[in-house]
Amino acid sequence: MLLTYQYKLNPNSQQVVALETWGELLRRHWNYALGERLDWLRRTRSQIDRCSLVCEPIGEIPDKNRYPLLIWKSSKF
């Protein structure tokens, strides 16, 4: 039973350079995004059994002026 197709590439020297360049760019992009995610987790992680009484990261707070307007608009429909 065939589940996937496999292709063998035989690139010439120009294509090898292009593939290696794209592979390097994609690897760097992936590692940067992974670092951003791990950094966010480190910044927002807190202990399970306690919360800080001084401050806790809660994210961005919406404007107080827009909030009632959004409720009013959504209740009309």
Side-chain angles (χ1 to χ4, degrees):
M1 184 165 134
L2 183 64
L3 297 177
T4 59
Y5 293 101
Q6 293 182 357
Y7 298 97
K8 185 170 183 169
L9 297 177
N10 294 317
N12 61 26
S13 59
Q14 271 186 325
Q15 292 169 333
V16 167
V17 170
L19 288 172
E20 287 176 352
T21 303
W22 277 102
E24 179 70 17
L25 289 172
L26 292 172
R27 183 186 63 81
R28 287 182 184 201
H29 180 73
W30 176 267
N31 287 338
Y32 178 78
L34 179 62
E36 288 285 313
R37 256 192 327 245
L38 292 176
D39 184 46
W40 179 81
L41 284 172
R42 267 188 243 108
R43 285 186 285 120
T44 59
R45 182 175 28 198
S46 64
Q47 297 291 333
I48 301 283
D49 61 342
R50 61 183 161 249
C51 292
S52 171
L53 295 176
V54 178
C55 67
E56 281 292 322
I58 59 171
E60 198 167 313
I61 300 173
D63 294 336
K64 291 182 180 178
N65 296 338
R66 284 195 50 176
Y67 185 67
L69 182 62
L70 293 173
I71 292 174
W72 180 75
K73 282 186 177 181
S74 63
S75 64
K76 282 185 83 173
F77 294 107

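Remember, it's a predicted structure, so these values are computed and weren't measured experimentally.
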With Ser13, which residues qualify under side-chain contact (heavy atoms from CB on, under 4.5 Å), at least two apart?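 By the side-chain contact (heavy atoms from CB on, under 4.5 Å) rule, Ser13 matches no residue at all.
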
Under the rule for side-chain contact (heavy atoms from CB on, under 4.5 Å), what residues qualify as partners of Leu38, not counting sequence neighbours?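 In terms of side-chain contact (heavy atoms from CB on, under 4.5 Å), with neighbours along the sequence ignored, Leu38 is linked to Leu34, Leu41, Arg42.
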
Please, which pairs that meet salt bridge (charged side-chain N to carboxylate O under 4.0 Å, His left out) have at least one residue in residues 9-24, sequence neighbours excluded?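 Sorted result for residues 9-24: Glu24-Arg27, Glu24-Arg28.
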
Test side chain to side chain donor-acceptor pair (under 3.5 Å) applied to Asn10 - qualifying residues, sequence neighbours left out: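 Applying side chain to side chain donor-acceptor pair (under 3.5 Å) to Asn10 gives none.
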
Return the set of residues passing side chain to side chain donor-acceptor pair (under 3.5 Å) with Tyr32 (not counting sequence neighbours), or none when no residue passes. Glu36

